[in-house]
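To start, the structure under review is shown below, and the notes come after it.
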There are 2 protein chains.
Amino acid sequence: MARHREFDEDKVLDALRDVFWQYGYDGASYAQIMAATGLQKGSLYAAFGDKKALYHKAIARYDGDAVSGAVKMLKDDTLSGEQRISRLMDALIKDAETPQGRWGCLLCNAATDMSPFDSEIEDKVMAIKQRVKSAIKTALKTTSNPNATELVWAAYFGGRILIKAGATKATLRALKKQVLSVIA
Amino acid sequence: MARHREFDEDKVLDALRDVFWQYGYDGASYAQIMAATGLQKGSLYAAFGDKKALYHKAIARYDGDAVSGAVKMLKDDTLSGEQRISRLMDALIKDAETPQGRWGCLLCNAATDMSPFDSEIEDKVMAIKQRVKSAIKTALKTTSNPNATELVWAAYFGGRILIKAGATKATLRALKKQVLSVIA
DNA sequence: ACCATAATTGACCGATTGGTTAATAATAAG
DNA sequence: CTTATTATTAACCAATCGGTCAATTATGGT
């Protein structure tokens, strides 16, 4: 018995995710958010809440697609452990030298940008991080070095940051080779 | 034939470095810069230039102490290559779970915060990064795996970010162990 | 003592920040 | 058609952003 929403919630959430992904929490202004979503501040506020709430939605969105996809692959037992880590590193190489790659990883960004200031975000990010690390551990179980979780995680996390900082595909390929040699 | 400077330039540069280190370029407001340096905006502008110039000074300062110290150690041929990488990772462990550790690495922060937007900063950071990677390469020359530069660099860079994201000393110790096993 | 020079201060600038809200528009129920 | 409910818009808010500058203060040379 009232007016309908004019926007596509899925598209708005994707746009939210992308804006915070690119610019971070502080870096994303309402001007950019409005341009990306096509909504006015008031609509955003009414539909989702304040900026922090928008950020939470963006992280949940990222968790639901990018992260979940990676976790699923890392736990896919139709692949060998080595193959799974290889694919994980391939994802890095694929993103190097691309605009999206230079956005980094939304969760890594969130972990470094916000965590000292907002405990809710910190908890959420920490939980997702643990899920990924656990998935890496699962993948490593059948390899020659099942204790390399921290190394693989640091290399992956570090690789994302390196890409953000402008590293080339060649650099990432070298990193992959060395990581694989540890677990081969 | 004119008034003297009332401030200690060394202390002001240290304060500048610390503020940008903690908060990043955008995150550091003049209110914080003024509080940390004890100077008014006008004095800062007269003495050093605008905010971007202050940031350059901060990076140069960081390069001159923290980075140069690490590079010197990595090239110290009174130590074995393995010892040098061990010490590099020890520095990470020492910083984990400390306030300063959670500031991250000023250069890594600069590389990820600013590089897409300011080519001067990008060039400067890239040059310093190459110096460190080259020092790592030198240290690795006498080890069993002289091609592990990218891995060590990614682990170090990644470790810095992990610390910023709240990783424990135990996590960093595990990372160190795994890195050393690659070059032992 | 006087003056030229430089350091310092604090007020002020326009622009932008995140956030709020009254007015308007659209819809479904009665 | 009328009315209650909700979505949407655009104007507005105080606070803060980086930056500027005239006025003040302190110094060394003459």
Side-chain angles (χ1 to χ4, degrees), chain A residues 1-59 109-110 113-121, chain B residues 1-59 106 109-110 113-114 116-121:
Chain A
M1 51 178 178
R3 186 173 176 178
H4 298 155
R5 279 197 173 164
E6 293 181 359
F7 63 86
D8 178 337
E9 184 160 324
D10 269 346
K11 287 186 181 174
V12 167
L13 289 175
D14 279 344
L16 274 179
R17 178 201 56 200
D18 289 349
V19 172
F20 283 119
W21 190 353
Q22 280 185 78
Y23 303 109
Y25 178 76
D26 285 322
S29 71
Y30 264 100
Q32 291 170 316
I33 295 171
M34 287 160 61
T37 59
L39 296 181
Q40 299 291 332
K41 277 190 270 195
S43 295
L44 287 162
Y45 195 84
F48 305 108
D50 64 6
K51 194 181 177 186
K52 210 166 268 185
L54 298 183
Y55 192 60
H56 274 95
K57 296 279 182 191
I59 290 193
N109 298 350
D113 290 347
M114 288 271 299
S115 62
F117 315 114
D118 186 301
S119 65
E120 278 186 56
I121 291 285
Chain B
M1 49 178 177
R3 187 173 174 176
H4 296 155
R5 279 197 175 163
E6 292 182 0
F7 63 85
D8 179 337
E9 185 161 322
D10 269 347
K11 287 185 181 174
V12 167
L13 289 175
D14 279 346
L16 274 179
R17 178 201 56 201
D18 289 350
V19 172
F20 283 118
W21 191 353
Q22 280 184 76
Y23 303 108
Y25 177 77
D26 285 322
S29 71
Y30 264 100
Q32 292 170 316
I33 295 171
M34 287 161 62
T37 59
L39 296 181
Q40 299 291 331
K41 275 189 269 195
S43 296
L44 287 163
Y45 195 84
F48 305 109
D50 64 7
K51 195 182 178 185
K52 210 166 266 185
L54 298 183
Y55 192 60
H56 275 93
K57 295 280 182 187
I59 290 194
L106 176 51
N109 298 349
D113 290 347
M114 287 272 297
F117 315 113
D118 185 303
S119 65
E120 278 186 55
I121 290 285

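Convention: sequence-line order gives letters A, B, ...; per-chain numbering from 1. Predicted, not measured: the structure shown is a model, and the values here were computed from it.
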Problem set entry | Value in whole Å for how far the C1' atom of dT9(C) lies from CZ of Arg5(B) | 16 Å
Problem set entry | Base versus backbone protein contacts along nucleotides 13-20 of chain C [heavy-atom cut-off under 4.0 Å; B, S, -] | ----SBBS
Exercise. For Phe48(B) and Leu13(B), which heavy atoms make the closest approach, and how far apart are they?
Worked result: CE2-CD2, 4.2 Å
For this session: Measure the distance from CG on Leu44(A) to C1' on dT9(D) and round it to the nearest whole Å.
Result: 12 Å
For this session: Report yes if at least one side-chain N or O of Gln40(A) is closer than 4.0 Å to OP1 or OP2 of dA10(D); otherwise report no.
Result: yes
Exercise. How many Å lie between CZ on Phe7(B) and C1' on dA6(C), as a whole number?
Worked result: 12 Å
Below 3.5 Å, can you tabulate the donor-acceptor pairs from side chains in residues 23-33 of chain A to any protein atom, sequence neighbours excluded?
from	atom 1	to	atom 2	distance (Å)
Ser29(A)	OG	Ala31(A)	N	3.4
Ser29(A)	OG	Gln32(A)	N	3.3
Tyr30(A)	OH	Lys51(A)	N	3.4
Gln32(A)	OE1	Ser29(A)	N	3.0

Exercise. Taking side chain as C-beta onward, heavy atoms only, is Phe7(B) less than 4.5 Å from Thr37(B)?
Worked result: no
Exercise. Whole-Å distance between dT16(D) C1' and Ile33(B) CD1?
Worked result: 14 Å
Problem set entry | Sequence-distant partners of Asp14(A), salt bridge (charged side-chain N to carboxylate O under 4.0 Å, His left out), two or more places apart | Arg17(A), Arg61(A)
Seminar exercise, completed: Which of dT27(C), dT8(D), dT25(D) is nearest the side chain of Arg3(B)? It is dT25(D)
Exercise. Separation of Phe48(B) atom CZ from dA7(C) atom P, in whole Å?
Worked result: 11 Å
Exercise. Taking the side chain as C-beta and beyond, is there a heavy-atom pair between Glu120(A) and His56(A) under 4.5 Å?
Worked result: yes
Seminar exercise, completed: Closest to the side chain of His4(B), out of dT8(C), dA10(D), dT27(D), is dT27(D)
Exercise. With a 4.5 Å heavy-atom cut-off, do Phe20(A) and Asn109(A) have their side chains touching?
Worked result: no
